[in-house]
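Encoded as structure tokens, the structure appears first; notes follow it.
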Amino acid sequence: MVGKTRRLKRLFRGPEGRCLLVPLDHGPWLGPVEGIVQPKVVVKRLLAGGANALLVSPGFARAVEPMLDPATAVVLRVSLAMGLAPDATQETPVATVDTALRMDADAVAVSIFFGRGGETATMRYLGQLTERCSRFAMPVLAEMMPPQEDAYDARAVAHAARIGFELGADIVKTNYCGDIEEFRRVVASSPVPILTAGGPRKESGDEATLQLVREVRDAGAAGVAIGRRVWQSDDPEALVRKIHGILFPDGNV
């Protein structure tokens with residue numbers, strides 16, 4: 001397990017083992033939206049602010065590879081949501097663990113969106129992926145999203161996260177339910193690191209994002225996986241620096 005241990009240490013830093021992950025994998029789903037039109041520009045800002053990990057597609061990873069410090073953790077999205085395909089209710093597998101190994105990734109990522117249909121096939125794919133990844137000590141991040149109508153219901157969030165854990169994921173990304181005590185129970189119910197999604201940017205701006213980070217930290221989450229709220233901010237670098245200060249208050253990463 002030496003390889004997996006080293007990869008996870010690049011993802012989870014400092015004495016508390018926390019992760020400041022910024023997802024940049026929205027292009028296939030949303031298109032070249034504001035904030036990620038120029039991959040190198042946004043990555044430069046995120047790394048300058050202190051992001052220690054990036055979640056990217058294979059193409060995005062190749063585009064920014066020259067900019068990445070060896071200490072920067074890379075989570076490779078191996079399944080993608082195709083925004084132009086109306087029947088693509090779940091993500092489609094587009095890469096393999098072999099691709100991740102060639103690209104020196106630290107983990108692979110897959111999503112399951114409950115309530116959309118097609119969950120059984122996606123869960124089967126996730127199970128097969130975790131089995132193959134275990135042979136190569138490659139961590140798996142499972143993004144487990146409850147049905148839309150229960151997107152922030154604590155029970156639904158906990159159930160979705162638990163499924164990811166039960167399927168063998170090493171890390172689970174899911175929604176924050178909005179209550180510290182309830183989310184503390186979500187974290188406790190899945191014995192793998194939990195990263196909290198950010199979702200769309202709020203009209204209330206960066207302060208709402210910083211408050212979310214404080215609350216999930218206090219609830220025991222291992223960190224955050226915040227994309228749009230960060231790279232659609234008026235100053236992504238400054239926002240990441242503030243998030244970094246919350247997750248790593250002693251600066252020890």
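Small disclaimer: the values here were computed from a predicted structure and weren't measured. Residue indices begin at 1 and follow the sequence shown.
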[X] bridged to [Y] by N-O distance under 4.0 Å:
X	Y	value
Glu143	Lys173	yes
Arg132	Asp98	yes
Glu91	Arg116	no
Asp170	Lys4	yes

Do [X] side-chain atoms and [Y] backbone N/O form a donor-acceptor pair below 3.5 Å?
X	Y	result
Arg162	Ser189	yes
Asn175	Cys177	no
Asn52	Leu11	yes
Arg184	Asp218	yes

Return yes when atom [atom1] of [X] has more than 12 non-hydrogen atoms of other residues, nucleotides or ligands closer than 6.0 Å, and no otherwise.
X	atom1	answer
Glu207	CD	yes
Gln211	CD	yes
Gln38	CD	no
Arg155	CZ	no
Glu149	CD	yes

Closest heavy-atom pair and its distance - [X], [Y]:
X	Y	result
Met138	Ala100	CE-CB, 3.9 Å
Glu215	Tyr176	OE1-OH, 2.6 Å
Gln90	Ser111	OE1-O, 4.4 Å
Glu181	Asp179	N-OD1, 3.1 Å
Ala51	Val240	N-CG1, 3.5 Å
Arg77	Leu55	NH2-CD2, 3.8 Å

Subject >> Set of salt bridge (Lys or Arg N to Asp or Glu O under 4.0 Å) partners for Arg62, sequence neighbours left out >> reply: none

Subject >> Identified side-chain contact (heavy atoms from CB on, under 4.5 Å) partner of Val216 from the options Thr196, Val187, Leu195 >> reply: Thr196

Taking the side chain as every heavy atom from C-beta outward, state whether [X] and [Y] have any pair of such atoms under 4.5 Å apart.
X	Y	answer
His244	Leu247	no
Val56	Asp25	no
Leu68	Leu54	yes
Val33	Trp231	yes
Val42	Leu24	yes
Val78	Leu129	yes
Pro39	Val64	yes
Val224	Ile243	yes

Original post:
How far apart are the C-alpha atoms of Glu237 and Leu46, what are their side-chain angles, what is the distance that settles it, and do they pass the side chain to side chain contact (heavy atoms under 4.5 Å, CB included) test?
Top reply: CA-CA 5 Å; Glu237 180 178 336; Leu46 299 176; over 6 Å; no

Do [X] and [Y] belong together in a cluster built from hydrophobic side chains that touch within less than 4.5 Å?
X	Y	value
Phe165	Val110	yes
Leu47	Val230	yes
Val157	Ile194	yes

**OP:** Could you go through the side chain to side chain contact (heavy atoms under 4.5 Å, CB included) check for Arg229 and Asp206 one step at a time?
**Re:** CA-CA 7 Å; Arg229 288 187 183 218; Asp206 293 349; over 6 Å; no

Subject >> For Asp106, the option from Arg7, Arg10, Lys9 that meets salt bridge (Lys or Arg N to Asp or Glu O under 4.0 Å) >> reply: Arg10

